[in-house]
2 protein chains.
Amino acid sequence: MVKYDDELDAIFMALSHPARRAMLARLGEGEATVGELAQPLDMSLPAVTKHLKVMEKARLISRSRNAQWRPCRREEAPLITASIWIEEQRKVWESRLDRLEDYLHVMEQEEGSNDGQAR
Amino acid sequence: MVKYDDELDAIFMALSHPARRAMLARLGEGEATVGELAQPLDMSLPAVTKHLKVMEKARLISRSRNAQWRPCRREEAPLITASIWIEEQRKVWESRLDRLEDYLHVMEQEEGSNDGQAR
DNA sequence: GGGTAAATTAACCATATGGTTAAATACGAC
DNA sequence: GTCGTATTTAACCATATGGTTAATTTACCC
C-alpha cells in the first residue's frame, strides 16, 4: 500500500509551477504584497491570488495584514520537508551503488550461473 | 518576467503524486518491472504506465527491455536538480535572516507613516 | 458618506491529470 | 502459427488546474 503523504503532495505540487517558484524566490528577499509579486508575472491579479492559495495550503507562505495590503512571507519548513525527502531518496540510491560492487563480485564468482532474470 | 524552467516543472510535478514517490522509493532498491512497481499500488496497470511516462518525461527514470518486460531504473540527476533549487532558496532565506535586524528597523519606521507602501 | 486602491470572490472556460475498462502489441514458449 | 504473459494504447470519464473578466470586499483618505 502507498504511504500517502498529503504534505509532500501539496509541497511538490506547489513547487511545480514556474510562477509560484518565481514568487517564492522573490519572497526570499523579504515580505511582499500581492501586487509586488504580480508585477513581474505576466498574469492577472486573481491568477496570482490563486497561486498564493496553493502555496499557503502547502504552508510555503503565510499571510498577514497591513491596511488593504496582505503581505506574504515565506516559511522555511516545507522546503526542509521536501529537501529531506529528496535526500532520503538519494541516500538509498547511493547505498545501492555501494552494494553494486559486492554484487558484481558475487556474479563473477558464480561464472557458471545462467539465471537470466531482470537486472 | 518569469524565468521559465520546464525541467523543474516536470520534476516537481512528477514528485507531487504519492504513487510516483512510492515507485521512486521502490526503484531506489534497484530496477523493477512495471508489474513489480504496480503490485503494492492499488491501481490498474494502465494507470501505472501513465505515472511512469510522467516520471520518464521528468527523466527521473529510464527504461530498458528484457523480453516482454520493460524494467525501470531510477536516474539521479533530476533529484539533484530539484535539491539544488531548494537549497538555493533556503540559502537566500538564511541570508535574509542575517539581515533581519536591519529589516526590522525599516519596518519600525514604516509602522509610523500612513502612506506606508511596503517595499 | 464618497472616492480610490489592493486584493479577493464569483462565474466561467480550456486543458491537464488521474483513473477506468477493453483492445492491441510485443515477446517467449510450445 | 497459437498460447500465455507483460505492457501499452485507445477511448472514455470525472475532477483539478490555471487562466480570464466582472463584481465585491476591505481599508485608507478626503
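By convention in this document, chain letters (A, B, ...) are assigned in the order of the sequence lines, proteins followed by strands, and residues within each chain are numbered from 1.
- Residues that satisfy the side-chain hydrogen bond (donor to acceptor under 3.5 Å, both in side chains) test with Gln89(B), not counting sequence neighbours, are absent from this structure.
- One interatomic measurement links the two molecules: CZ of Arg21(B) to P of dG18(C), which rounds to 11 Å at whole-angstrom precision.
- Atoms CD (Glu31(B)) and P (dT7(D)) sit 12 Å apart, rounded to a whole Å.
- Met43(B) places its CE atom 16 Å from the C1' atom of dA14(D), with the value rounded to the nearest Å.
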Worked verdict on Met43(B) versus Val48(B) for side-chain contact (heavy atoms from CB on, under 4.5 Å): CA-CA 7 Å; Met43(B) 67 177 64; Val48(B) 172; 3.9 Å; yes

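- Between Phe12(B) and Trp85(B), the two ring planes are perpendicular [angle over 60°; tilted spans 30° to 60°].
- When the nucleotides dG28(C), dT26(D), dG19(C) are ranked by their closest atom to the side chain of Arg65(A), dT26(D) comes out on top.
- Spacing between atom CG of Leu37(B) and atom C1' of dT7(D) amounts to 12 Å, rounded to whole angstrom units.
- Summarising the geometry, the separation between CG on Asp9(A) and P on dT17(C) is reported as 15 Å, rounded to the nearest angstrom.
- At most 12 heavy atoms of other shown residues, nucleotides or ligands fall within 6.0 angstrom of atom CZ in Arg59(B).
- In this structure, Leu15(A) places its CG atom 12 Å from P of dG18(D), rounding to the nearest Å.
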Output one line per pair: protein atom, nucleotide atom from nucleotides 7-11 of chain C, and distance, for all N/O pairs under 3.5 Å.
| unit_1 | atom_1 | unit_2 | atom_2 | d |
| --- | --- | --- | --- | --- |
| dA7(C) | OP1 | Val34(A) | N | 3.2 |
| dA7(C) | OP2 | Gly35(A) | N | 2.7 |
| dT8(C) | OP1 | Arg63(A) | NH1 | 3.1 |
| dT8(C) | OP1 | Arg63(A) | NH2 | 2.9 |
| dT8(C) | OP2 | Thr49(A) | OG1 | 2.6 |
| dT9(C) | OP2 | Lys53(A) | NZ | 2.9 |

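- In this structure, Ala47(B) reaches the bases: a heavy-atom distance under 4.0 Å links it to at least one base atom across the strands shown.
- Rounding to whole angstrom units, CD of residue Gln39(B) and P of dT7(D) are separated by 13 Å.
- Using a cut-off of 4.0 Å between Lys/Arg side-chain N and Asp/Glu carboxylate O, Lys53(A) and Glu56(A) are scored as not salt-bridged.
- Computed from coordinates, the Met13(A) CE to dG18(C) C1' distance equals 11 Å when rounded to whole Å.
- For dG19(C), the OP1/OP2 oxygens have no side-chain nitrogen or oxygen of Ser44(B) closer than 4.0 Å.
- Using a 4.0 Å cut-off, some side-chain N or O of His51(A) falls inside it from OP1 or OP2 of dG19(D).
- Under a 4.5 Å side-chain heavy-atom criterion applied to ILVMFWY residues, the cluster that includes Val54(B) comprises that residue alone.
- For the OP1/OP2 pair of dG19(D) and a distance below 4.0 Å, the side-chain nitrogens and oxygens of His17(A) include at least one atom meeting the criterion.
- Remark: the backbone N or O of Ala14(B) is paired with a side-chain donor or acceptor of Arg20(B) at under 3.5 angstrom.
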